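Scroll down for the structure; my scribbles are underneath it.
From a predicted model like this one, the values you see are computed outputs, not experimental measurements.
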Amino acid sequence: MDDQFYMRKAIEIALEARKNGNQPFGAILVQQNKIVMTGENKTNHFNDPTYHAEIGLISKYCSENQVSDLSQYTLYSSCEPCVMCSGAMVWSSLGKLVYSVSYEQFAKISGSNIMISCNEIFQKSPNQPKVAANILNKEGLKVFEGYKF
């Protein structure tokens, strides 16, 4: 299994989030080639603007498993994480981040937003996850087709 395999799953979760009436973002947490948790955006479901796929997944996984160090984990996200989610990745010492759609691409789709690259956050932080960008980018962009922010 490789980055593309897991990214396909994250994109499927993003499509499911959209189908469920939430914003179209999905994430997967992997340890030793095993999916240990999935997460979808649930901002509308919970009426919580902070319940993004990545931060929801990190919070739930760490809490349920009494873990606060994710240095041996990879998080796959259908879209480059926002400032808030990137911060959660720093505080949880995430080992690696893999994403499909870049923040620059997302800015063109969504209009105005806080558009700071996760790399900018990581470079100024004590914990710096490895990053693989734009994996299955065309498939990731399809998630947003016709979606209105």
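Classified by interplanar angle (parallel below 30°, tilted 30° to 60°, perpendicular above 60°), the ring pair Tyr73/Tyr61 is perpendicular.
Residues Phe106 and Phe25 bring their aromatic ring centres within 6.0 Å.
To the nearest 0.5 Å, the span separating NZ on Lys108 from OH on Tyr103 amounts to 11.0 Å. Here the OG-CD distance, from Ser71 to Gln31, works out to 9.5 Å after rounding to the nearest 0.5 Å. Once rounded to the nearest 0.5 Å, the distance linking NZ of Lys96 with CG of Asp3 reads 4.0 Å. Atom CD of Gln23 sits about 10.5 Å away from atom SG of Cys79, to the nearest 0.5 Å. Rounding to the nearest 0.5 angstrom, the gap separating the CD atom in Gln32 from the OG1 atom in Thr74 is 10.5 Å. Here OH of Tyr76 is found 12.5 Å from CZ of Arg8. Values are rounded to the nearest 0.5 Å.
With a 4.5 Å cut-off on side-chain heavy atoms, Ile58 and Leu94 do not count as touching. Within the 4.5 Å cutoff, the side chain of Leu29 has no heavy atoms near those of the Ile35 side chain. Side-chain contact between Lys42 and Asp48 is absent, with no heavy atoms from C-beta onward closer than 4.5 Å. At least one side-chain heavy atom of Asn119 sits less than 4.5 Å from a side-chain heavy atom of Val131. Side chains of Asn20 and Glu40 form a contact here, defined as non-hydrogen atoms less than 4.5 Å apart. Looking only at side-chain heavy atoms (C-beta outward), Trp91 and Leu70 stay at 4.5 Å or farther from each other. The side-chain heavy atoms of Leu97 and Phe122, taken from C-beta on, include a pair separated by under 4.5 Å.
Other residues, nucleotides and ligands place more than 12 heavy atoms under 6.0 Å from the CD atom of Glu64. Heavy-atom contacts from other residues, nucleotides or ligands closer than 6.0 Å to CG of Asn65 number more than 12. Atom CD of Gln72 is surrounded by 12 or fewer heavy atoms from other residues, nucleotides or ligands within 6.0 Å.
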Please set out all donor-acceptor pairs under 3.5 angstrom arising from side-chain atoms of residues 135-149, sequence neighbours excluded.
residue, atom, partner, partner atom, Å
Asn137, OD1, Gln105, NE2, 2.8
Asn137, ND2, Ser100, O, 2.8
Asn137, ND2, Gln105, OE1, 2.8

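Of the N and O atoms on the side chains of Glu80 and Ser102, not one donor lies less than 3.5 Å from an acceptor on the other residue. A donor-acceptor contact closer than 3.5 angstrom is absent between the side chains of Ser125 and Asn127.
Shortest non-hydrogen contact noted between Val83 and Ile121 is CG1-CD1, 4.0 Å. Between Pro24 and Ser78 the shortest heavy-atom distance is O-OG, 4.1 Å. The shortest non-hydrogen separation linking Pro81 to Ser86 is O-OG, 3.5 Å. Of all the heavy atoms in Leu57 and Met37, the pair that sits closest is CD1-O, 3.6 Å. When every heavy atom of Ala88 is checked against every heavy atom of Ile55, the shortest pair comes out as CB-CG1, 3.8 Å. Shown here for Val90 and Pro126, the closest heavy-atom pair between the two residues is CG1-CD, 4.2 Å.
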query = Run the side chain to side chain contact (heavy atoms under 4.5 Å, CB included) check on Val30 and Val36 step by step: do they pass?
reply = CA-CA 6 Å; Val30 174; Val36 295; over 6 Å; no
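Every residue two or more places apart in sequence or in another chain was checked for a salt bridge (charged side-chain N to carboxylate O under 4.0 Å, His left out) with Asp69, and none qualifies. Judged as a side chain to side chain donor-acceptor pair (under 3.5 Å), and not counting sequence neighbours, Asn44 has no contacts.
Residues Met89 and Ile116 share a hydrophobic cluster, clusters being chains of Ile/Leu/Val/Met/Phe/Trp/Tyr side chains in contact below 4.5 Å.
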